[in-house]
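Working notes for the structure below.
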Amino acid sequence: MSFLKLNAKIFRNAQIYLDIVLKKYELSSGCFRYLFILENNEGISQNKISKEIGNDKAMSARTICNLIKLGYIYKEKDVNDNRAFHLYLTPKANRVIPKIHEEIEALVALITANIPDEDILITMKSLSKIHCNLQKLNGRGGISNEENN
């Protein structure tokens with residue numbers, strides 16, 4: 001199996017699993033990253049969170065709108081720029097985020113079962129280098145903190 005095909009299959013299967021376990025929170029695999037970024041960066045702008053995640057502005061706007069409807073986040077206008085918004089977590093999000101972390105930790109434990117720690121470390125280092133190389137190709141450079149977790 002080719003490298004890219006295997007990577008795509010791993011990613012897709014992880015999404016399917018997360019969609020199932022996050023359904024009880026009315027979330028999907030595409031939403032939780034927004035909550036995780038806000039967990040450490042409340043008040044971040046809508047544009048900055050979009051860049052951090054790597055989604056286009058339209059996709060991020062739809063996801064943020066959905067998270068607002070679900071009561072996980074709220075936004076406030078920037079006092080200096082009426083076109084910009086800052087995002088914040090709601091109490092509901094603060095109650096659910098630790099549970100989502102547990103779900104993801106459980107997934108990681110399942111997919112890394114029977115793999116020695118040193119092999120996991122080598123894999124993580126290699127994947128980080130691959131990600132960095134791809135970002136350089138795309139003219140973006142660097143690896144975000146969220147993606148290192």
Side-chain angles (χ1 to χ4, degrees), residues 1-76 85-138 140-149:
M1 189 177 304
S2 77
F3 176 81
L4 291 177
K5 186 175 181 180
L6 180 60
N7 187 54
K9 285 184 175 226
I10 291 168
F11 178 75
R12 183 66 190 128
N13 279 282
Q15 280 186 309
I16 291 168
Y17 177 89
L18 288 171
D19 284 338
I20 292 167
V21 298
L22 296 177
K23 189 174 186 176
K24 61 186 156 203
Y25 309 112
E26 299 179 276
L27 296 171
S28 69
S29 58
C31 294
F32 77 90
R33 295 184 311 156
Y34 289 83
L35 298 177
F36 284 3
I37 289 174
L38 284 170
E39 181 181 26
N40 298 312
N41 298 291
E42 283 204 79
I44 192 173
S45 73
Q46 196 164 321
N47 286 340
K48 191 168 182 180
I49 199 169
S50 180
K51 287 179 185 175
E52 182 75 20
I53 288 178
N55 286 344
D56 61 61
K57 289 180 185 179
M59 173 60 85
S60 289
R62 286 190 299 271
T63 303
I64 289 165
C65 183
N66 187 44
L67 288 169
I68 290 169
K69 286 180 188 173
L70 293 170
Y72 284 107
I73 64 174
Y74 65 95
K75 63 183 180 177
E76 292 181 354
F85 291 94
H86 297 279
L87 304 171
Y88 300 90
L89 296 172
T90 65
K92 177 182 179 179
N94 286 316
R95 285 189 307 272
V96 170
I97 288 172
K99 296 174 186 176
I100 297 170
H101 279 294
E102 288 174 12
E103 298 285 4
I104 290 171
E105 287 171 16
L107 172 60
V108 170
L110 288 170
I111 64 176
T112 59
N114 302 317
I115 300 174
D117 288 344
E118 57 272 9
D119 288 355
I120 293 169
L121 187 59
I122 290 167
T123 301
M124 291 297 296
K125 285 181 179 180
S126 296
L127 289 172
S128 291
K129 289 176 184 178
I130 290 166
H131 178 249
C132 189
N133 290 340
L134 282 169
Q135 284 193 315
K136 287 176 187 173
L137 287 173
N138 293 328
R140 293 181 40 209
I143 297 176
S144 71
N145 290 334
E146 190 273 335
E147 292 167 358
N148 281 326
N149 293 333

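What's counted below: heavy atoms across the whole structure, side chains too, no hydrogens, waters or symmetry copies. The first residue in the sequence is number 1, and the count goes up from there.
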Inter-residue atom distance S2.OG - K9.NZ, 0.5 Å rounding:
9.5 Å
Please round to the nearest 0.5 Å and tell me the distance separating atom CD1 of I73 and atom CG of L67.
4.5 Å
To the nearest 0.5 Å, what is the distance between CD on E76 and CZ on F85?
10.5 Å
Between I44 and I49 the two heavy atoms that sit nearest each other are CD1-N, 3.9 Å
Hey, are the side chains of V21 and L18 touching, using non-hydrogen atoms and a 4.5 Å cut-off?
yes
Could you tell me if Y17 and S29 have a donor-acceptor pair between their side chains, going purely by distance under 3.5 Å?
no
Once you round to the nearest 0.5 Å, how far does CD of Q46 lie from OG1 of T63?
10.0 Å
Residue pair L89 / Y74: nearest heavy atoms and the distance that separates them:
O-CE2, 3.6 Å
To the nearest 0.5 angstrom, please state how far the CG atom of N41 sits from the NE2 atom of H86.
13.0 Å
Under the side chain to side chain contact (heavy atoms under 4.5 Å, CB included) criterion, do I120 and M124 qualify, and how do the steps go?
CA-CA 6 Å; I120 293 169; M124 291 297 296; 4.3 Å; yes
Could you tell me whether the side chain of N7 and the main chain of F3 form a donor-acceptor pair under 3.5 Å?
no
Would a 4.5 Å heavy-atom cut-off, applied to side chains only, mark Y25 and L70 as touching?
no
Any idea which heavy atoms bring L35 and I97 closest together, and the distance?
O-CD1, 3.8 Å
For D56, I'd like to know if atom CG has over 12 heavy atoms of other residues, nucleotides or ligands within 6.0 Å.
yes
Sub-3.5 Å donor-acceptor pair from the side chain of S50 to the main-chain atoms of N55, do we have one?
yes
Determine whether a donor-acceptor pair (N or O, by modelled atom type, separation under 3.5 Å) exists between the side chain of T112 and the backbone of I115.
no
Any side-chain heavy atom of Y72 within less than 4.5 Å of one from L38?
no
For the atom pair NZ (K92) and CD (E26), what is the distance rounded to the nearest 0.5 Å?
5.5 Å
Distance alone, cut at 3.5 Å: any donor-acceptor contact between the side chains of N66 and Y34?
no
Work out which heavy atom in N114 is nearest to a heavy atom in P116; give both atom names and the distance.
O-CD, 3.9 Å
